[in-house]
Asker: 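The structure follows.
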Amino acid sequence: QVQLVEFGGGLVQAGGSLRLSCVVSGRTFSMYVMGWFRQAPGKEREFVATKSGSGSAAYYADSVKGRFTISRDNTKNTVYLQMNSLKPEDTAVYYCAAGLWRGAVEHHSTTGYDYWGQGTQVTVSS
């Protein structure tokens, strides 16, 4: 069973930065595409970013492009989300997710992932 645990959420002022971490149990971390999603109150869970197993490819939602960076360290079974220039509309619970490769488009939606973390709250004050 694969387990994911997120760290690093918190309260930050607009314009500030946070780095989220997600540690994944198991020995096959490099086989998984890793993604970050977020869900604001009353809204559906939405795609933020994804990173291929090898780390060679990354994709971002338009709303975070240029501000957020996804990275992974396969030696530490960890994926990161560096969030800069944060805005109040970035406020949400952030989830990391892991899934075996299904094709690039699939990993832009929740259906592209098999395992999810418990989420970490990010609140950006104006």
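Note that this is a predicted model, so its numbers are computed, not measured. Along the sequence shown, residues carry numbers from 1.
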Asker: Is there a side-chain contact between Y32 and V2, using heavy atoms and a 4.5 Å cut-off?
Answerer: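 Y32 vs V2: side chains touch.
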
Asker: Consider only side-chain heavy atoms of I, L, V, M, F, W and Y, link residues closer than 4.5 Å, and tell whether Y60 and M83 are in one cluster.
Answerer: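 Y60 and M83: one cluster.
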
Asker: Contact between V24 and C22 at the side-chain level, heavy atoms closer than 4.5 Å - yes or no?
Answerer: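 Yes. Closest side-chain heavy atoms under 4.5 Å.
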
Asker: Quick one, T91 and Q121 - any side-chain contact, counting heavy atoms below 4.5 Å?
Answerer: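 T91 vs Q121: side chains touch.
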
Asker: Taking C-beta and beyond as the side chain, do T111 and R102 meet within less than 4.5 Å on heavy atoms?
Answerer: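 Of all side-chain heavy-atom pairs linking R102 with T111, none is under 4.5 Å.
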
Asker: Test your reading of the model: is there a side-chain donor-acceptor pair from D73 to the backbone of Y80, 3.5 Å cut-off?
Answerer: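 Such a contact is absent between D73 side chain and Y80 backbone.
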
Asker: Report whether V33 and I70 are members of the same hydrophobic cluster (ILVMFWY, side-chain heavy atoms less than 4.5 Å apart, transitive linking).
Answerer: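 The answer is no; the residues belong to distinct hydrophobic clusters.
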
Asker: Does the plane of the ring in F47 sit parallel, tilted or perpendicular to the ring in F37? Use 30° and 60° as the thresholds.
Answerer: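 Ring orientation, 0 to 90° scale: perpendicular.
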
Asker: Heavy-atom distance under 4.5 Å between the side chains of S21 and K76, does that happen here?
Answerer: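 Heavy-atom side-chain distance check fails, nothing below 4.5 Å.
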
Asker: For Q118, is there any backbone N or O sitting under 3.5 Å from a side-chain donor or acceptor partner on E6?
Answerer: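 Yes, E6 side chain to Q118 backbone: donor-acceptor pair under 3.5 Å.
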
Asker: Between Y113 and T50, do the side chains contain an N or O donor and an N or O acceptor separated by less than 3.5 Å?
Answerer: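 Note: Y113 and T50 side chains meet the donor-acceptor criterion.
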
Asker: Group every Ile, Leu, Val, Met, Phe, Trp and Tyr by side-chain heavy-atom contacts under 4.5 Å, then state whether V5 and V48 land in the same group.
Answerer: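 V5 and V48: separate clusters.
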
Asker: Should the heavy atoms of other residues, nucleotides or ligands under 6.0 Å from NZ of K43 be counted, would the total exceed 12?
Answerer: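 Incorrect, the count does not exceed 12.
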
Asker: According to a hydrophobic-cluster definition based on side-chain heavy atoms being under 4.5 Å apart (Ile, Leu, Val, Met, Phe, Trp, Tyr only), do L20 and W116 belong together?
Answerer: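 No; W116 is not reachable from L20 via cluster members.
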
Asker: Taking 4.0 angstrom as the limit, do D62 and K65 come out as a salt bridge?
Answerer: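 Yes, this pair counts.
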
Asker: Does a sphere of radius 6.0 Å around OH in Y59 hold more than 12 heavy atoms from other residues, nucleotides or ligands, not counting ones at 6.0 Å or beyond?
Answerer: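 12 or below, so no.
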
Asker: Just so I know, are the side chains of K51 and W36 near enough to count as touching, which here means a heavy-atom distance under 4.5 Å?
Answerer: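 A side-chain contact under 4.5 Å is absent here.
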
